[in-house]
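Counting starts at 1 for both ligands and their atoms, in listed order.
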Amino acid sequence: MFDLLTPSACLLCEHQTNLSGALCPACLNSLVRITNACARCGKCLADTTLCGNCIRTPPFFDSTVSVYAYRYPVTDLIQALKYKQKLIVARELGLRLAQKIKHKNRLLPDCIIPIPLHRRRFLGRGFNQAHEISRVLASQLQLPIDNDLIRRARPTRPQFELSAEQRHKNVTGAFELLRSPDYKTVAIVDDIVTTGATVNEVAKLLKRAGVLTVEVWTCALAR
Ligand SMILES: [Zn+2]
Ligand SMILES: [Zn+2]
């Protein structure tokens with residue numbers, strides 16, 4: 001699905017890029033990287049390993065790896081991926097995420113689970129961006145993808161339209177397990193994490209079904 005054969009223009013400034021990149025080197029450097037993040041939620045700046053929120057009210061997931069802060073121009077890239085079918089963005093961001101995961105030299109999970117779209121939205125968009133990113137991670141890290149464990153039980157409104165409290169309600173009970181998971185550790189993958197309500201809901205399901213460790217892998221994180 002990736003348009004790798006023709007030289008392309010940088011998605012942000014329209015300069016010519018190399019064959020495989022979505023961005024020219026200058027634009028790639030302009031993306032704001034996440035450093036000094038809380039090991040658990042990936043969000044708040046933490047001098048120690050955990051932020052206050054995670055100490056007070058730990059989420060269901062155990063750790064977060066994210067590459068970029070969700071702000072301009074990453075916001076534009078994600079929009080281009082989701083609404084203009086620029087699948088090369090999934091490749092570009094997926095490669096950066098895979099590099100960061102490798103760099104952390106961590107034990108890898110048993111499998112990758114992309115956050116599923118509701119069937120109706122999947123049919124409208126034609127692809128699931130979380131799955132497209134997961135495909136890059138799977139090939140870079142040699143991990144299986146499991147698309148058959150979790151599904152969206154009901155359609156939800158886009159999280160960006162909602163307040164933090166509404167987001168929590170919007171996704172509560174939105175997912176269901178299709179079988180009992182036979183994994184000890186999994187990584188759930190999404191393009192962006194904003195409040196973390198969606199990934200937390202999926203992590204809750206997995207933990208309650210016996211998965212011991214749930215990691216969150218995401219390209220961009222709002223903080
Ligand atoms: Zn550029
Ligand atoms: Zn935290």
I'd like to know whether V216 forms a side-chain contact (heavy atoms from CB on, under 4.5 Å) with V202, so could you lay out the CA-CA distance, the side-chain angles of the two residues, the decisive distance to 0.1 Å, and finally the verdict. CA-CA 10 Å; V216 174; V202 171; over 6 Å; no
Rounded to the nearest 10°, what angle sits at the Zn ion (ligand 2) between SG of C38 and SG of C41? 110°
N-O pairing of D76 and K86 below 4.0 Å: no
Strictly under 2.8 Å, how many protein N, O or S atoms lie near the Zn ion (ligand 1)? Waters don't count. 4
side-chain contact (heavy atoms from CB on, under 4.5 Å) between Y68 and V32, worked out: CA-CA 6 Å; Y68 297 112; V32 183; 5.9 Å; no
Does the pair D182/R179 count as a salt bridge with the N-to-O cut at 4.0 Å? yes
Quick one: CD on Q99 to CG on L137, what's the gap to the nearest 0.5 Å? 11.5 Å
Whether K82 and D191 form a salt bridge (side-chain N of Lys/Arg under 4.0 Å from carboxylate O of Asp/Glu) is what I want to check. yes
